[in-house]
Every structure is written in C-alpha cells, then in structure tokens.
A.B. asks: 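Here it is, the structure, as structure tokens.
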Amino acid sequence: MTDNTQRPATGGISAPENLPTQYAPAEVEGQLYERWVERGYFAADAKSDKEPYTIVIPPPNVTGSLHLGHAFEHTLIDALTRRKRMQGHETLWQPGMDHAGIATQNVVERELAKEGKSRHDLGREAFTERVWQWKAESGGQISGQMRRLGDGVDWSRERFTMDEGLSRAVQTIFKKLYEDELIYRAERIINWCPRCLTAISDIEVEYQDDDGELVSIRYGEGDSSIVVATTRAETMLGDTAVAVHPDDDRYRHLVGTEIELPLTGRRIPVVADEHVDPEFGTGAVKVTPAHDPNDFEIGRRHGLPNLAVMDEHAVITAHGPFQGLDRLEARSAIVGALRAEGRIVAEKRPYSHSVGHCSRCKTTIEPRLSMQWWVKVGPLAKAAGDAVRDGSVTIHPKEMESRYFGWMDNMHDWCISRQLWWGHRIPIWYGPDGEVVCVGPDEEPPSGEGWHQDGDVLDTWFSSGLWPFSTLGWPERTESLEKFYPNSVLVTGYDILFFWVARMMMFGLYAMDGTPPFRTIALHGMVRDQFGKKMSKSFGNAVNPLDWMDTYGSDAVRFTLTRGANPGVDVPIGEDWVQASRNFANKIWNATRFAMMNGATVEGELPPAAELSAADRWILSRLNSVVAEVDAYYEDYQFSKLSETLFHFAWDEIFDWYVELSKTTFAKGGPAADASRRVLGEVLDVTLRLLHPVVPFVTETLWTTLTGRESVVIADWPAAVLVPGADAPNGFSDRAAEQEIGTVQQVVTEVRRFRADQGLQPGQKVPARLDLTDTPLAAHEDAIRQLLRLQPEGDRFAATATLPIAGATVALDLSGVIDVEAERKRLAKDLAAAEKEKAQTTAKLGNEAFLAKAPEPVKEKIRTRQATAEADIERITAQLAALPQR
RNA sequence: GGGCGCAUAGCUCAGCGGUAGAGCGCUGCUCUUACAAAGCAGAUGUCGCUGGUUCGAACCCAGCUGUGCCCACCA
C-alpha cells in the first residue's frame with residue numbers, strides 16, 4: 001500500500017489549532033492502538049504475494065506480567081516489524097503465551113494452600129481444570145499490557161503452548177523422536193526439587209555459594225581407618241564405598257579391603273578410582289551412589305549398590321535413630337552422633353561451597369536416583385551447532401557465538417519428564433506385561449486390563465522449543481507455515497540462549513527437514529536500573545513500566561529503551577531518562593504544530609532545486625543522509641544508534657536551526673516562503689515516518705494531522721530524498737549548502753557567545769552591528785538578525801571590531817556598554833587555544849615521517865586545521881587590537 | 001578451575017588508529033508569539049596502570065590491577 005492510496009483520516013485531531021501546546025500521551029495512545037487493530041493493520045495474510053517477515057514473540061509465562069525486560073524486548077521487535085511493514089513486507093509478529101509448567105502449578109497450588117487444600121485433595125483432573133480456570137480469570141494480563149505498549153501483533157493468531165494444536169505438535173514430535181530413538185527412558189541421578197516434588201533439568205538449577213560446614217570423619221579403625229571430608233554428613237547413611245586415587249600410596253594397602261561405616265554397623269569396600277583428586281582434602285572420598293551424581297558414576301564403574309536413604313521430601317528413610325528427620329536435621333544429628341563417638345577429626349566452618357537451588361522456588365536441590373525420560377541431544381545439538389558454523393544462521397552480536405558453541409558442543413542429555421500435573425502428558429502407555437507404547441496424535445491409546453499412561457508431563461521448554469513452527473500449524477503443512485517459516489529473526493535476551501534458543505534450533509532443524517527456525521538470532525541485554533544494577537523485586541529497584549507509561553507515555557518508555565539498546569549489552573534505565581524522552585516527544589509535537597500553523601504542506605512535488613534556498617537544500621541534503629544512516633543501523637540491529645541519530649537530527653538540526661531559519665522566510669512571504677513550507681512539510685513527513693517504528697503513537701497523531709492521510713502505520717518507509725531538477729538519482733546531496741549553513745551557524749554562535757560573555761540583555765539595544773555586504777552570508781542577513789534578535793537597522797558605532805569568520809564580517813560595538821576586561825580575557829583564552837592548535841598542526845606538518853606515511857585525506861585535514869587556527873589567530877588579534885585602550 | 005566481557009566527564013554509556021562525545025546532572029542569562037517538558041551560552045576528562053607496535057594509540061599487542069557475567073562433578 002502506498003501513501004496516495006490512503007483514505008483521508010477520519011475523526012481525531014485533524015487541524016493544527018486543535019493540537020494542545022503540551023503533548024498529553026495518555027489521552028491518545030489507547031484509542032490509536034484499538035483503531036490500528038480494528039483496521040487490521042497487524043493481521044498477517046498467508047495468501048499475500050508480499051515477501052514475508054516473521055518474528056515470534058518469546059512467549060511470556062501465563063503467570064507473568066509485563067516488566068521492563070518485556071517492554072524492552074517488545075519495543076525492539078515492534079520497531080523491526082513496523083519498519084518492515086512500512087517497507088511493504090507481509091509482516092507477522094506472532095503473539096502467545098507459555099503454560100510455564102512448574103511456575104503456573106506453583107501459583108495455583110499456593111492459591112489452594114490458602115484454602116487449606118493440596119492438589120492431591122482435588123486429584124489430577126480437577127486440579128488441571130482449576131489451572132485452566134485460573135488461566136481464564138487471571139492469566140494473560142500481559143496481553144492488555146502489550147496493547148498499552150503498542151505491540152503490533154496479529155491477535156487473531158494468538159497461541160498458547162497448551163492449545164489443542166500445539167499439543168498435537170508436541171505429541172507428534174515426541175513420537176518422531178521416540179521412533180528415531182532420540183527419546184529414551186533411564187534411571188539416573190537427576191536434580192530433584194523436594195518442594196516442587198519433581199525432577200528439573202540442569203539449566204533449571206541455579207548455583208550459588210552457600211556457607212556450609214566441612215567435617216572430616218574417620219571411617220574404620222586403627223591402621224585401616226580413612227578420613228573423608230564432607231559437607232553432607234547425612235548422606236553417609238547411604239555410603240557404599242570409600243574411593244581413593246589408584247596411584248595414592250597412602251591408601252594403596254587398603255584398596256580392596258572393607259572398613260567399618262560408623263553409626264551403621266555396615267562394612268564398605270575401599271575402591272580405587274581415577275576421579276578422586278589426591279590433592280584435595282585427605283585424598284579419600286565417601287561414595288553415596290544414590291545421592292550424588294559423581295558417586296553414582298563411581299558406583300557404576302565399581303558395581304556398587306545404590307542405597308537410597310531419603311524420600312522425595314528429602315526425609316531420611318534409613319532405619320535407625322535418624323529415620324524421619326529431614327536432611328538438615330539429620331545432618332546436625334549425625335555430626336553430633338559422630339562427635340560423640342570421637343569420629344570427627346576436623347571441622348571447618350563456615351565453609352563456602354557451591355550449592356544448587358531450584359530456579360522456581362529456590363529450595364536446595366537434592367540429587368536423586370530416579371527413572372526419567374531423556375532426549376538424546378548429541379545429533380540434534382550437532383546439527384544446531386553446524387547451522388551456525390556454516391552460516392545458515394547468524395548470531396548478533398557475534399561474540400555470543402562462542403557461548404552458543406560452548407553449550408552446543410558439550411550438551412548433556414536433556415531430562416524432559418516432570419512429576420507435575422500441569423503440562424503435556426507424556427504419550428507413553430505401559431501394558432500389563434511391561435509393554436511400552438508411544439501414542440501419536442491420531443492414534444487410539446491401548447485399552448484393556450492393566451494398561452495405563454505415564455503419569456509425568458513434559459518440561460515446559462519442550463513445547464516452547466516448537467514455537468517457531470507449532471504456532472504456524474505444524475505438523476500440518478499449512479499456508480501459514482509455508483509462508484512464514486522460517487522466522488526472519490529471533491529477538492531475545494542472551495539469558496535464555498540455552499533454555500530456549502538452543503531447543504528451538506534443535507527441534508526446528510529436526511522437525512522441518514534441516515531448515516533452521518530463523519535466519520538470524522539478535523540477542524539483547526538485560527534491563528538494569530539507572531546505576532547498572534540488576535532489577536529485582538527483593539532489592540526494591542524493580543520498576544513497573546506501566547507507571548512510567550501512564551506518566552510519560554508509552555512512546556517515552558519505548559524511546560528510552562531503544563536509545564539504550566546496544567547489541568547484547570545490558571541497558572540501564574532510570575526515570576530521568578524517560579523524562580528526557582518524553583521531552584523529546586513533546587518537542588516533536590510542538591515543532592510539528594508550529595510547522596502546520598505556518599502552512600507546512602506535503603501536497604504536490606518538491607520545488608525544483610533552483611528554487612530552493614540554501615537552508616532548504618541543506619536540510620534536504622541532511623535528511624537524505626539520515627535516511628541512509630537509519631536504514632543501515634536497522635539492518636545491523638543498532639537501535640541505540642538509530643534513535644540517537646534521529647534524536648539529534650530532529651532536535652539539533654531541524655528544530656534548532658531549520659525551523660528557526662524558516663521563521664524569517666515565512667515572515668517575508670513570497671515564493672521562497674512557499675518553497676520552504678513544502679520543504680518543511682517534506683522534512684517532517686519523512687522524519688515522522690523514520691521515527692514511527694520507535695515512537696508509534698505521537699508520530700501517528702502528528703503524521704495523520706500533517707498529511708491528512710489514514711495512518712503512518714501503513715505509510716511507505718522513507719526512501720532516498722529526490723529533488724526535481726537535481727542530478728541526484730540516488731538521493732539529494734548538497735555539500736555547498738551544508739557548508740554555507742554551517743557558516744551561518746558559526747557566525748550566530750560566535751556573536752551569541754560574545755553577548756553572553758558580556759552579559760548583554762537581549763532587550764538591550766543593538767550591541768552588535770552586522771555588515772555582511774559582499775560576503776557569502778549577505779543572503780542570510782535577515783535570518784542572522786532574527787536569530788540574534790537584532791534591530792532591523794542598527795545605529796553605526798564609532799569603535800568596531802571585525803570578525804572575519806569564513807569571509808563574513810560581523811561588526812561589534814565595543815563602545816561603552818561592554819566589559820573590556822572580560823572581553824580581553826575571553827579573547828586571550830581563545831587566542832591561546834588557537835595558538836596551541838597552530839603549534840600542534842605545524843609540528844605535525846613538519847614531521848617528515850608523517851608526511852611520508854600518512855594518507856592524503858588525513859594530511860588534508862591537518863592542513864585545514866592549521867589554516868583555521870591561523871585565521872582564528874589573525875581574527876582574535878585584530879579584535880584585541882580594536883579593544884578600546886584605557 | 002575454565003571461558004567471555006568491561007574499565008572514557010559527577011552518573012549511565014557511545015567512540016575502537018588521525019583535533020576527546022551524548023543524555024542526565026551542574027553554572028550563568030532569558031517567559032524571544034511551536035515548545036520553561038523550552039531557548040542561548042558555559043564549565044568539567046594525564047580515556048584503569050605499565051610496557052610495546054606506529055609518523056601518530058582511548059582505539060592494536062603483552063602484562064598487571066579492579067570488576068561483571070557464563071560454564072564446571074572437586075567431596
């Protein structure tokens with residue numbers, strides 16, 4: 001769709017005089033969003049001929065609400081898709097949510113606990129029903145918040161990982177993996193959360209240093225005794241060996257013998273194993289195969305029994321005085337008992353060591369031997385690594401690749417079964433005679449006496465790994481799947497590179513016959529507070545982005561986040577910065593308002609180059625450069641750069657100079673004013689379109705008012721700026737005009753500085769007289785007078801000094817009103833700076849090595865600097881000489 | 001224990017081989033008819049330390065110090 005096919009805007013603010021002097025974001029944002037949705041701007045059509053552009057949302061948890069991290073990620077995705085939409089792509093921003101197995105089950109269980117019930121009181125079916133009910137009532141508040149942010153997602157395609165369709169996808173791939181022998185069942189040591197009562201995968205374990213106590217315990221008696229050290233004394237009840245290094249002479253004589261395990265009356269063997277580090281501690285380690293992953297491996301190598309002494313709640317089950325104690329009670333009880341027997345030979349307290357915690361509830365993980373389902377990741381991870389290695393998928397920023405490879409190349413098999421009720425139930429049925437049957441989506445499960453389904457559900461990341469294609473209808477070959485797979489880019493935080501990205505890569509390549517789920521992975525950083533500290537609820541520095549959006553507008557929040565977004569780098573954000581962004585929005589608002597009140601227009605062709613003033617040509621030339629810069633930054637995911645570029649171009653160049661210069665032109669009227677009105681309209685039109693992906697709301701209001709067209713959402717993305725009559729088919733460029741306006745700026749700034757230094761009031765009468773006759777600035781005399789607020793015709797003064805700034809002559813009155821000493825001081829400072837600059841450049845140009853080796857453009861630059869310094873010295877010396885003598 | 005990153009203005013960060021930048025904060029002056037959520041002007045840095053490469057280093061190399069993150073089975 002192009003601009004001229006758009007209908008005129010209806011309703012809302014349509015005339016500049018209706019725009020209030022201050023921008024009030026809250027009043028317009030909500031209505032604009034609903035209008036966009038109603039008009040179907042965000043709907044993606046699988047039948048379209050346009051080139052597709054697809055991004056899937058990293059699905060937020062149903063339990064979640066929008067925090068700044070989401071706001072950040074969504075802003076980046078939204079900006080990318082909005083731009084592509086304007087560029088004429090068939091754009092899909094796929095929304096949806098994740099069922100978040102453990103997290104959601106925990107929330108609902110907590111709710112039940114308030115009623116004094118547990119999930120077991122309800123039973124499996126009623127409990128899951130209850131979760132669905134919870135989801136319907138309070139889950140998914142995030143979608144309302146996404147609307148507030150302005151996320152241009154296709155709501156008609158919203159998906160949930162527990163939807164029927166997505167569940168079919170889960171079952172389908174499970175069966176495929178099972179049949180390819182990439183899913184298997186095995187008894188291993190897994191990470192067990194004794195509070196959630198489920199296994200969790202390695203990456204769901206968070207390690208942190210905890211203070212513990214390292215006790216050294218003497219096993220056995222006399223010459224055949226061995227001292228072992230442990231932080232987990234309670235597991236000794238399950239010890240089935242002591243291990244030493246095979247080459248350790250201290251213990252060589254004991255290998256193969258049995259020694260007494262204290263408190264139990266059992267005798268356990270001493271085994272030799274390479275895993276033991278003879279340098280650490282006493283060089284002897286107790287072996288508890290049922291409660292430690294390393295010990296399990298040692299046990300397997302030596303055929304040791306696995307003796308479990310704790311149940312799923314981490315309560316001791318071993319017969320004896322410790323039965324019924326939980327692991328911590330048991331630990332101190334056992335240490336006490338050992339001490340009483342004189343078995344404790346050393347204690348080190350506190351002893352800081354790394355302990356695993358459940359990422360969901362922070363409970364200390366208990367390694368536990370149990371039967372679980374696993375994905376054999378070897379071949380899948382290999383393919384996922386290769387896809388990046390061979391360049392079919394690229395990672396931004398590139399430094400993150402090494403992390404990705406490090407993970408993919410060393411991935412352990414993935415434990416996918418969870419002892420939960422909320423999630424995709426494992427499609428495995430067991431028969432009365434030990435049969436195991438995997439049931440596909442359209443198959444009848446076996447029935448009859450003794451058949452039952454596996455009670456576990458799948459890891460929540462199993463279904464989110466299918467997200468890039470399950471949301472498009474897979475396993476069916478739908479039109480949407482054909483059109484929108486693979487996704488164009490994945491935008492997500494580096495923190496879930498392994499949780500999520502790795503899984504999508506493996507499953508995508510596997511399910512889609514080697515086609516990766518996306519071509520590019522663009523990783524962003526984490527949002528932090530204004531001091532660079534991690535935001536967390538417990539630390540009290542977490543911010544609710546909705547509060548800021550209410551106060552300053554969604555655009556302000558979005559612009560702040562984008563402005564801080566360097567690829568892969570964390571983003572600090574503080575309220576001051578949101579305020580600054582709001583000020584920017586207000587500035588755009590007022591500048592556009594001014595332009596419209598002065599008749600700026602987008603109607604008709606741009607006037608031919610010959611009819612444009614230097615200022616017009618300058619700003620159009622700059623506009624053309626900015627369009628190109630912004631495009632380049634978008635292609636490289638340099639959000640910070642593109643926002644910064646637009647911010648400075650709009651404020652420093654358009655608003656501070658072009659708009660100010662145009663005031664004089666408008667006041668004069670005539671054809672020059674008409675030309676300028678058209679140029680100002682053009683510049684704002686293009687700039688608003690460039691800004692729209694980042695600040696959609698304020699640009700929509702202003703652009704529709706300025707142009708009278710339907711919506712900037714469906715406007716064309718700006719292309720090269722073309723001016724009739726200018727021989728510049730790839731975009732208008734006018735270096736001479738840029739230089740000329742640069743000189744005007746220099747003169748005006750110089751005089752302003754003089755006046756500020758002199759403390760001269762603007763109301764005070766004409767302290768400077770301009771004589772620009774026969775200079776290139778003659779044409780700008782009126783504008784300069786206006787900018788300096790000089791009287792149209794100043795009196796002549798007796799004592800004057802001239803400032804030969806780039807050929808212009810500014811005559812300054814130095815009689816009477818000025819502070820001669822202050823001026824002398826200022827000039828002396830400037831003179832010193834200029835002389836230093838001259839000395840530096842002269843030294844450089846006198847350096848033979850420099851002249852021989854430096855490239856020509858650099859030398860040219862230095863020569864220019866030298867010339868400028870010399871001119872400055874001449875000028876300042878003249879000014880000093882002209883100062884009244886006393 | 002490995003791997004990766006970072007140290008630049010009071011704060012948060014750009015710059016990554018040719019005169020030190022931005023936003024906020026700070027100091028003056030100004031209600032100039034788009035905007036005081038503004039305008040104009042200004043101050044502020046031996047670019048962590050030490051060496052090296054180069055005509056030239058904030059930028060490249062080495063070492064050091066400090067700091068952050070990721071991974072890892074050290075009892």
Side-chain angles (χ1 to χ4, degrees), chain A residues 16 19 21-23 189 207 214 228-232 235 243 275-277 279-288 292-298 353-354 367 399-400 402-403 406-407 410 494-495 497-498 526 528-532 534 552 556 560 563-564 566 568-574 576-577 579-598 640-641 644 647-648 655-656 659-660 663 748-749 752-757 759-763 786-787 789 836-837 840-841 844 847-855 857-859 861-862 864-865 868-869:
Chain A
L19 294 176
T21 59
Q22 277 202 354
Y23 174 49
I189 294 272
Y207 287 90
L214 184 71
V228 298
T230 182
T231 53
R232 304 208 52 204
T235 62
H275 168 262
V276 178
D277 176 6
E279 304 293 319
F280 186 90
T282 59
V285 58
K286 63 192 273 304
V287 181
T288 323
D292 183 280
N294 297 316
D295 293 4
F296 180 75
E297 291 303 320
I298 295 176
H353 62 133
S354 181
E399 302 88 77
M400 289 291 177
S402 59
R403 267 195 203 189
W407 178 265
N410 301 298
Y494 61 72
D495 59 329
L497 186 59
F498 306 141
M526 304 292 112
R528 291 171 176 272
D529 76 5
Q530 59 195 304
F531 304 111
K534 209 173 198 164
Y552 303 109
T560 308
R563 210 173 166 189
N566 291 112
V569 179
D570 289 348
V571 187
I573 181 170
D576 285 356
W577 308 345
Q579 244 172 54
S581 300
R582 184 271 317 262
N583 293 355
F584 179 51
N586 189 54
K587 187 74 184 179
I588 304 170
W589 180 270
N590 275 295
T592 309
R593 201 172 136 251
F594 165 84
M596 286 186 277
M597 281 162 44
N598 283 281
S640 171
K641 293 280 178 49
E644 203 68 20
F647 177 86
H648 286 291
F655 305 155
D656 282 352
V659 165
E660 293 303 323
K663 285 178 180 173
V748 169
T749 303
R752 276 174 179 165
R753 184 152 86 102
F754 167 75
R755 292 171 47 145
D757 287 351
L760 296 174
Q761 311 287 309
Q786 160 74 22
L787 288 166
R789 315 216 171 274
K836 190 179 164 196
E837 175 73 1
Q840 276 176 0
T841 49
K844 202 138 205 187
N847 184 331
E848 281 175 34
F850 171 75
L851 290 175
K853 299 199 178 178
V858 173
K859 285 189 271 191
K861 232 175 167 175
I862 305 281
T864 312
R865 276 171 52 198
T868 310

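Bear in mind the structure is a predicted one, so any value in this text is a computation, not a measurement. In what follows, chains are A, B, ... by sequence order, proteins preceding strands, each numbered from 1.
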A.B. asks: Could you measure the distance from the OG1 atom of A/Thr288 to the CZ atom of A/Phe296? Nearest 0.5 Å is fine.
C.D. replies: 13.0 Å
A.B. asks: If you measure from the C1' atom in B/rG3 to the same atom in B/rG42, how many Å do you get, rounded?
C.D. replies: 48 Å
A.B. asks: Describe, in one word, how the ring planes of A/Phe584 and A/Phe647 are oriented to each other, choosing from parallel (under 30°), tilted (30 to 60°) and perpendicular (over 60°).
C.D. replies: tilted
A.B. asks: Over all strands shown, is A/Tyr494 touching base, sugar-phosphate only, or nothing at heavy-atom distances under 4.0 angstrom?
C.D. replies: nothing
A.B. asks: Using Watson-Crick or G-U wobble geometry with both distances below 3.5 Å, tell me the partner of B/rA7, or none.
C.D. replies: B/rU65
A.B. asks: With rounding to the closest Å, how many angstrom separate the C1' atoms on B/rU44 and B/rU27?
C.D. replies: 11 Å
A.B. asks: Rounded to whole angstroms, how far apart are CH2 on A/Trp407 and P on B/rC69?
C.D. replies: 18 Å
A.B. asks: Sort out the partner of B/rC71 for me: Watson-Crick or G-U wobble, both distances under 3.5 Å, none otherwise.
C.D. replies: B/rG1
A.B. asks: With both distances kept under 3.5 Å, what pairs with B/rC35, Watson-Crick or G-U wobble?
C.D. replies: none
A.B. asks: In whole angstrom, give me the gap between the P atoms of B/rC40 and B/rU54.
C.D. replies: 47 Å
A.B. asks: Any Lys/Arg nitrogen of A/Lys641 or A/Glu644 sitting under 4.0 Å from an Asp/Glu carboxylate oxygen of the other?
C.D. replies: no
A.B. asks: Answer yes or no on whether A/Lys587 is positioned over the face of A/Tyr23, meaning its NZ or CZ is under 6.0 Å from the six-membered ring centre and within 45° of the axis.
C.D. replies: no
A.B. asks: Have a look at A/Pro293 and say if it touches a base, only the backbone sugar-phosphate, or nothing, with a 4.0 Å heavy-atom cut-off.
C.D. replies: nothing
A.B. asks: With hydrogens left out and only the distance checked, is there a donor-acceptor pair under 3.5 Å joining A/Arg753's side chain and the base of B/rA41?
C.D. replies: no
A.B. asks: Name the nucleic acid region contacted by A/Asn598, choosing base, sugar-phosphate or nothing; use a 4.0 angstrom heavy-atom cut-off, strictly under.
C.D. replies: nothing
A.B. asks: By the 4.0 Å heavy-atom rule, please label A/Asp656 as base, sugar-phosphate, or nothing.
C.D. replies: sugar-phosphate
A.B. asks: Round to a whole Å and report the spacing from CG of A/Asp570 to C1' of B/rU67.
C.D. replies: 14 Å
A.B. asks: Need one value for A/Val659: base, sugar-phosphate or nothing, where a base atom within 4.0 Å counts as base even if backbone is also close, heavy atoms only.
C.D. replies: base
A.B. asks: Would you measure the distance from the P atom in B/rU46 across to the matching atom in B/rA9 and give it in whole Å?
C.D. replies: 9 Å
A.B. asks: What are the two closest heavy atoms between A/Asp295 and A/Lys286, and how far apart are they?
C.D. replies: OD2-O, 3.3 Å
A.B. asks: Contact class for A/Lys534 vs. all strands (heavy atom < 4.0 Å): base, sugar-phosphate, or nothing?
C.D. replies: nothing
A.B. asks: Nearest 0.5 Å, what's the CD1-OG distance between A/Ile573 and A/Ser581?
C.D. replies: 7.5 Å
A.B. asks: Looking only at side-chain atoms of A/Pro572, point me to the closest of B/rC13, B/rA14, B/rA34.
C.D. replies: B/rC13
A.B. asks: Under 4.0 Å, heavy atoms only, any strand: does A/Asp277 hit a base, just the sugar-phosphate, or nothing?
C.D. replies: base
A.B. asks: Atom pairs under 3.5 Å, N or O on each side, protein against nucleotides 19-24 of chain B: can you list them with distances?
C.D. replies:
residue : atom : partner  : partner atom : Å
B/rU19  : O4'  : A/Arg865 : NH1          : 3.4
B/rU19  : O2   : A/Glu837 : OE1          : 3.4
B/rU19  : O2   : A/Glu837 : OE2          : 3.3
B/rA22  : O2'  : A/Glu644 : OE2          : 2.9
B/rA22  : O2'  : A/His648 : NE2          : 3.3
B/rC24  : O2'  : A/Asp576 : OD2          : 3.4

A.B. asks: Can you check the distance between B/rC13 and B/rC47, where both ends of the measurement are the C1' atom (answer in whole Å)?
C.D. replies: 13 Å
A.B. asks: To the nearest 0.5 Å, how far apart are CG in A/Asp570 and CZ in A/Arg528?
C.D. replies: 4.0 Å
A.B. asks: Give none if B/rG18 has no partner; otherwise give the nucleotide forming a Watson-Crick or G-U wobble pair with it, both distances under 3.5 Å.
C.D. replies: B/rC55
A.B. asks: Respond yes when some side-chain nitrogen or oxygen of A/Arg752 is under 4.0 Å from OP1 or OP2 of B/rA41, and no when none is.
C.D. replies: yes
A.B. asks: Atom CZ of A/Arg528 and atom P of B/rC11: how far apart are they, to the nearest Å?
C.D. replies: 18 Å
A.B. asks: Could you check whether any side-chain N or O of A/Asn847 sits under 3.5 Å from a backbone N or O of A/Phe850, counting only pairs where one atom can act as donor and the other as acceptor?
C.D. replies: yes
A.B. asks: Please report, rounded to the nearest Å, how far the P atom of B/rC69 is from the CE atom of A/Met526.
C.D. replies: 13 Å
A.B. asks: When you measure only distances, ignoring hydrogens and angles, does the side chain of A/Gln579 come within 3.5 Å of the base of B/rA37 through a donor and an acceptor?
C.D. replies: no
A.B. asks: Give, for atom OG1 of A/Thr841 and atom NZ of A/Lys861, the distance between the pair rounded to the nearest 0.5 Å.
C.D. replies: 14.0 Å
A.B. asks: Test for a donor-acceptor pair under 3.5 Å between the base of B/rA34 and the side chain of A/Glu660, counting only N and O atoms.
C.D. replies: yes
A.B. asks: When you compare B/rA14 with B/rA20, how far apart are their C1' atoms, in angstrom units rounded to a whole number?
C.D. replies: 12 Å
A.B. asks: Expressed in angstrom and rounded to an integer, what is the separation of A/Phe850 atom CZ from B/rC55 atom P?
C.D. replies: 12 Å
A.B. asks: Counting C-beta onward and ignoring hydrogens, is there a side-chain heavy-atom pair between A/Thr21 and A/Trp589 closer than 4.5 Å?
C.D. replies: no
A.B. asks: For B/rC55, take OP1 and OP2 only and decide whether either is under 4.0 Å from a side-chain N or O of A/Lys859.
C.D. replies: no
A.B. asks: Would the base of B/rC74 count as contacting A/His275 through its side chain, where contact means a donor and an acceptor less than 3.5 Å apart?
C.D. replies: no
A.B. asks: Report which part of the nucleic acid A/Pro857 touches: base, sugar-phosphate, or nothing (heavy-atom distance under 4.0 Å, all strands).
C.D. replies: nothing
A.B. asks: Does B/rC26 have a Watson-Crick or wobble mate here (both distances under 3.5 Å), and if so which one?
C.D. replies: B/rG42
A.B. asks: Taking atom P in both B/rU12 and B/rC69, what distance in whole Å separates the two?
C.D. replies: 16 Å
A.B. asks: Taking B/rG10 as the reference, what is the distance to B/rG45 when you measure between their P atoms (whole Å, please)?
C.D. replies: 8 Å
A.B. asks: Using a 4.0 Å heavy-atom cut-off, does A/Ser354 contact any base of the nucleic acid, only the sugar-phosphate backbone, or nothing at all?
C.D. replies: nothing
A.B. asks: What does A/Phe584 touch in the nucleic acid at a heavy-atom separation under 4.0 angstrom: a base, only the sugar-phosphate, or nothing?
C.D. replies: nothing
